[in-house]
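Nothing here was measured: the structure is a model prediction, and the numbers come from that model. Below, read A as the first sequence line, B as the second, and so on, with proteins coming before strands; counting in each chain starts at 1. These numbers come from the heavy atoms of this one structure, side chains and all, not from hydrogens, waters or symmetry mates.
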Number of protein chains: 2
Amino acid sequence: MTASRALRGTGDVSPETLKKVRLAAQQIGYVGNPLAASLSGKRSGLIGVVVPSVSNIVFAEVLAGIADGLDGSGLQPVFGVTDYDETREAELIQSMLAWHPAALIVAGLDQPDATRNLLQRADIPIVQIMDTDGDPVDVCIGFSHRDAGREMAGALLARGARRMAYIGSSHALDTRARKRFAGFETRLNEAAQTFFDIQFVDGPSTATVGRGLTEQVLSDDPAIDAIYYSNDDLAIGGAYHCIAHGLSVGQDIHLAGFNGLEITKTLPVGLATTLTPRRQIGSKSVEMALAGLQKNAPLGPKRVTLQTQLLLPD
Amino acid sequence: MTASRALRGTGDVSPETLKKVRLAAQQIGYVGNPLAASLSGKRSGLIGVVVPSVSNIVFAEVLAGIADGLDGSGLQPVFGVTDYDETREAELIQSMLAWHPAALIVAGLDQPDATRNLLQRADIPIVQIMDTDGDPVDVCIGFSHRDAGREMAGALLARGARRMAYIGSSHALDTRARKRFAGFETRLNEAAQTFFDIQFVDGPSTATVGRGLTEQVLSDDPAIDAIYYSNDDLAIGGAYHCIAHGLSVGQDIHLAGFNGLEITKTLPVGLATTLTPRRQIGSKSVEMALAGLQKNAPLGPKRVTLQTQLLLPD
DNA sequence: TATGGTATCGATACCGGTATGGATACCAAA
DNA sequence: TTTGGTATCCATACCGGTATCGATACCATA
């Protein structure tokens, strides 16, 4: 018992015993067993992370941020991938909760009621990330996709675009893309504008798909002067199409993506996009989770909205 | 005890008791505690994953493959990011081992001796991934970076390239990039060719950096007719430079990257690259780990070499 | 000297499962 | 009827820590 206290640094151990214990631990190469510690103490050393995808660089960077934020906290991140499947998400959350994690980080605010209940009943900090358009179970951090969509619409209108098209991931899957779309559309309506073509993508958003759909949209209606894509991967495909066909982006047509991927920065044609603070969301979500763990700490805000940044070509 | 056996399906329970137990569990909403199970039983329900980065899409896709392969196995993946830091890698492996994971998946074959010993002493399956040029601690799965480099050199030579440059990530960090470089160089030597310019990248490989260095290389020596990049991110930057400056890729200059990222497929200029089976490495590594868990199973091969695929522009 | 407080330490009872070996009941064979 | 074997079940002892509370020693104060 004394050894346990000594190694953890929880008071009531004399300096000399402490030294002796540390030395002994050193000598026999003692390594604590966090499994036992988690089982015994109320607090577990695991933190659950549930995201819809990791082969998507956006969530991968969130994971990177989480790993970063967790550094030195003594917590180990356990991750699960839902593949945008609500059933799988519920199962995953359930099996994560079975491990009695210290906290849970989950992407999105729009879980079905059953899943929300699951989260609510778990008596640990729940941090929902990537989105702030909605009510968090506990706390959330991210940004408003609706506003991002609005903002981009405004920017395109300001550039003179009037005949818009949308190319985006299938909305059933990605509620955040849907919110951007809604925000964009709302802004168009305010300006008495409307979409002239809308193409939904089933399956993963790739540059290849983006390029193909861009070609299709422009051949359907060559008068289209702006395309809003649900993300940069698709938009890059659009840019490639324009390069290949000698279309002057920014002149003949405006392209707008979302996320502000590094690779769009140096693209030889001007692509509008919204830079999202992905890594920051990851690391801050950890901070919020850890803060929620402190019992008597002042409660932080329920909802943390980070800034996105509109990136427009010259 | 009977309930435990009933729920786990380990023999010696009568059909009726089994039914009763299941029903009761259902009714009270019993959820097992894998922490306790892991502590008690010899086998833990965690599997450790250690990668150098996740904000790199390549490793992110490996994680995706791992998550995939783990689906339904009842194991939870715990991940750690080393940031290409050997010290951090050792620490991470140590703290993962403290959790007594069922198995460990680690990127790379070239850990320092101390780390290798650590892995060796852990009496669990160790799966080293991404590389097969070297000796695994236990088993490994991946492909030969050396061969990939050789192959690309051969392909460029066959296309008539003679005056080569290399742009790549700082070798101290990425031993696999170094192996590709070595393979490439060996093949050049065989053809009595040599590099005319070599630029190393410190820090992350991005298209922006690739574009800048490409410009520099070509202004240093405009006669360069082929550039080998240590990965596609850099190579894409090179492609952007060529597009922006009206260089005819495949004519004036050959560009070669590595990984076969989706985004290179539809690039409006021809980029040579090597497609790597990242996702497959992830899912197969899990299979190998699980196979290693079965005590009396026939030992599989120590080293599994997957095929890469050379992708050349028309 | 008696009393009370503080610092330090250790015995005990869990945390929630699983391995083990014995207990019980039942049936067939001798 | 006795004996032995099989199927089923349960009591017990861990796994490796931590919370809790009591024990002890030591010191200052009344």
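Nucleic acid contact for A:Ser14: sugar-phosphate only, since backbone atoms but no base atoms lie under 4.0 Å from a heavy atom of the residue.
Taking a cutoff of 4.0 Å between a charged side-chain nitrogen and a carboxylate oxygen, A:Asp71 and B:Arg88 qualify as a salt bridge. A salt bridge does not link B:Arg303 with B:Asp133: every distance from a Lys NZ or Arg NE/NH1/NH2 to an Asp or Glu carboxylate oxygen is 4.0 Å or more. B:Asp12 has no carboxylate O lying under 4.0 Å from a charged side-chain N of B:Arg5, or vice versa, which leaves the two without a salt bridge.
Between D:dT8 and B:Thr17, no contact under 4.0 Å exists linking OP1 or OP2 to a side-chain N or O.
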Completion exercise
Heavy-atom contacts, protein to nucleotides 15-26 of chain D, under 4.0 Å, summarised as B (base), S (sugar-phosphate only) or - (none) per nt, yield BBBBBB------

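Atom-to-atom, CG of B:Asp12 to C1' of C:dT24 comes out at 14 Å; the value is rounded to the nearest Å. Atom pair B:Leu18:CG and D:dT8:P shows a separation of 11 Å (rounding to whole Å applied).
The minimum heavy-atom distance between A:Ala6 and A:Val13, with the atom names listed, is N-CG2, 3.9 Å.
Residues forming a ring pair (Phe, Tyr, Trp, His ring centres under 6.0 Å) with B:Tyr84 (at least two apart in sequence, or on another chain): none.
B:Leu104 places none of its side-chain heavy atoms less than 4.5 Å from the side chain of B:Val49.
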